[in-house]
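Quick notes on the structure that follows.
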Amino acid sequence: MSGAAGQQAVEGARPAQPEAPSDSALGGAFAYRGGQLHAEQVPLARIAEQVGTPCHVYAGGAMQATYRALAAALEGIGPPTTICYAVKANPHLAVIRGFAELGAGADVVSEGELRRALAAGVPPGRIVFAGVGKTEAEMAFALETGILQLNAESIDELKLLDAVAGRLGRSAPVALRVNPDVDARTHAKISTGKVGNKFGIDIDQVPATLELLRGLPNLRLDGLAVHIGSQLVHAEPYEAAFGRLAELAREVIGQGWALRHLDLGGGMGIPYGPAAEGGAARLPLADYVAAARRTVGRLGLPLVFEPGRYLVGNAGLLLARVIYVKQGRSKRFVILDAAMNDLIRPTLYDAWHEIVPLAEPAPDARYEPADVVGPVCESGDIFAPARPLPPLAPGDVIAILSTGAYGATMSSTYNSRLPAPEVMVRGSDSAVIKQRPDHAALMALDAVPPWLAETGGAD
Ligand code: LLP
């Protein structure tokens with residue numbers, strides 16, 4: 001990779017055109033200005049200095065611009081649409097709030113996410129509750145809150161929900177999540193729509209499930225739902241899944257069920273890196289819209305979408321400082337102060353994330369391969385193997401790009417490392433939206449049982 005290619009990936013992430021109903025809404029707002037990488041109008045070096053590294057940075061303005069562009073594009077399908085932001089992608093209150101301000105709903109998968117959506121101001125009537133293993137307590141909380149719908153994924157779940165709703169004297173709004181048996185052509189660990197995945201009710205079991213529903217008086221069937229996987233960069237699997245959903249919806253309506261909406265899930269893929277690495281592809285949004293229009297669009301039913309990554313992925317990055325550069329016998333290692341506990345995606349999915357220095361490399365900079373690694377005591381603690389990088393020295397700050405989705409939220413404190421703080425930028429404003437806790441805070445939830453001698457503590 002040349003220096004220019006590394007730079008392109010950043011410059012390609014220009015602020016989205018809010019009015020563009022196309023797939024151009026990258027939403028990233030990171031670019032070099034005057035030789036320094038900026039998040040919107042804020043120099044990232046300043047954030048690294050003030051907040052320290054590692055640190056997650058979100059371009060809040062870009063997230064909102066991407067939302068607007070997606071909402072405009074989805075209007076092209078025809079029927080009214082509701083975007084329920086998939087909170088799991090980035091559950092920070094400020095992120096959810098930014099979308100709620102624009103009228104978004106939320107897709108949640110736990111009581112914690114539901115509470116976050118409510119705290120961020122999402123109206124209950126715009127919240128859908130998905131997930132294969134909702135507990136009784138979560139169902140009760142969702143019903144008492146009065147959310148839009150619960151997406152049910154099994155017969156056992158329907159029976160339990162009916163019992164909980166009966167106990168509360170409520171009618172539970174339900175959508176059946178259907179497994180349409182479609183290969184999403186994405187990473188196996190995030191593919192969810194093939195028979196054999198744990199998700200949804202197999203499409204051929206839907207008729208029997210409807211029979212059962214007739215005997216569950218506290219459930220109201222409002223919709224059908226599909227979600228076939230995450231990071232989809234091809235429109236064809238969507239077309240196949242939406243086609244099957246449309247066919248099923250016609251049958252269900254034909255049997256007299258009064259469906260109120262169809263939930264098409266999320267999964268819209270974003271670009272992570274240069275084409276040479278196979279990471280430049282993104283879901284062609286225009287093709288996605290056309291696929292939905294040709295299939296479910298014809299039914300005229302209101303549509304619900306659950307995008308997560310698409311709205312936030314490219315609008316976040318992880319700042320890290322180079323601690324050491326080690327020249328081994330066969331390899332160069334760039335050792336960062338960020339690790340797999342801050343961003344697990346490369347370790348877990350072999351995910352490719354672009355890595356760029358904050359100081360713009362000279363046009364003639366020599367790019368040499370290095371393994372970019374963290375300090376955690378596992379060889380799997382690697383962000384990028386053999387990544388061509390410009391010269392880097394201890395103290396230099398780099399950015400790992402496109403970490404806005406499934407970044408901070410999948411982090412841990414493994415190796416007793418402190419969680420990285422989070423900063424949000426909008427235009428020339430920036431704010432710390434999550435502090436780095438101290439070690440005492442991290443230890444505060446631990447208790448030493450009475451049969452062990454007290455240590456006297458070390459604050
Ligand atoms: N709806 C449902 C029912 C889901 O299960 C998911 C994601 C979404 C919506 C949002 O999908 P998105 O638009 O963000 O692709 N940790 C993995 C991704 C896991 C996705 C799980 N479900 C990663 O880092 O790639």
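Bear in mind the structure is a predicted one, so any value in this text is a computation, not a measurement. First listed ligand is number 1; within each ligand, the first listed atom is number 1. Below, each value reflects all heavy atoms present in this structure, side chains not excepted, and no hydrogens, waters or symmetry copies.
The protein atom (non-hydrogen) at minimum distance from atom 12 (P) of ligand 1 is Gly267 N, 3.4 Å. The protein non-hydrogen atom at the shortest distance from atom 15 (O) of ligand 1 is Ser230 OG, 2.4 Å. Summary of contacts: the protein heavy atom closest to atom 17 (C) of ligand 1 is Tyr349 OH, 3.1 Å. The protein atom (non-hydrogen) at minimum distance from atom 19 (C) of ligand 1 is Ile190 CG2, 3.7 Å.
Under the ring pair (Phe, Tyr, Trp, His ring centres under 6.0 Å) criterion, Phe129 pairs with no residue, sequence neighbours left out. For Phe305, the ring pair (Phe, Tyr, Trp, His ring centres under 6.0 Å) criterion is met by no residue, not counting sequence neighbours.
Within the 4.0 Å heavy-atom criterion, the part of Ala86 lying near ligand 1 is the side chain and not the backbone. When non-hydrogen atoms are compared, ligand 1 lies under 4.0 Å from neither the backbone nor the side chain of Thr192.
Remark: aromatic rings of Tyr288 and Phe242 are close, center separation under 6.0 Å.
Contact between Met410 and ligand 1 is present, with at least one heavy atom of the residue lying under 4.0 Å from the ligand. Residue contact check for ligand 1: Ala405 places no non-hydrogen atom closer than 4.0 Å to it. Using a 4.0 Å cutoff on heavy atoms, Gly265 does not count as a contact of ligand 1.
If you check each of Lys88, Glu153, Lys189, Arg177 against atom 7 (C) of ligand 1, the one with the closest non-hydrogen atom is Lys88. Proximity annotation for atom 14 (O) of ligand 1: of Tyr310, Tyr272, Tyr406, Tyr406 comes nearest, heavy atoms only. Here the shortest heavy-atom distance to atom 24 (O) of ligand 1, taken over Glu306, Gln231, Arg345, belongs to Arg345.
For ligand 1, the atoms closer than 4.0 angstrom to any heavy atom of Gly266 are 9 (C), 13 (O). Of all atoms in ligand 1, numbered sequentially from 1 with element shown, those under 4.0 Å from a heavy atom of Gly308 are 12 (P), 13 (O), 14 (O). Close approach of ligand 1 to Pro307 (heavy-atom distance below 4.0 Å) involves ligand atoms 13 (O).
The aromatic rings of His353 and Tyr272 stand perpendicular to each other, their planes meeting at an angle above 60°, with 30° marking the opposite boundary.
Side-chain contact check for Ser230 and Arg309: at least one donor-acceptor pair (N or O, by modelled atom type) lies under 3.5 Å.
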Practice item. For the pair Asn151 and Asp263, evaluate side chain to side chain donor-acceptor pair (under 3.5 Å) and give the outcome as yes or no after the intermediate values. Key: CA-CA 9 Å; Asn151 293 354; Asp263 182 339; 3.1 Å; yes

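Paired with Lys194 under the rule salt bridge (Lys or Arg N to Asp or Glu O under 4.0 Å), one option of Asp181, Asp202, Asp183 passes, and it is Asp181.
Looking at every heavy atom in both residues, Pro375 comes nearest to Ile323 through CG-CD1, 4.5 Å.
The CG atom of Leu74 sits 5.5 Å away from atom OG1 of Thr81, with the distance rounded to the nearest 0.5 Å.
Counting heavy atoms of neighbouring residues, nucleotides and ligands inside a 6.0 Å radius, atom CZ of Arg426 does not exceed 12 of them.
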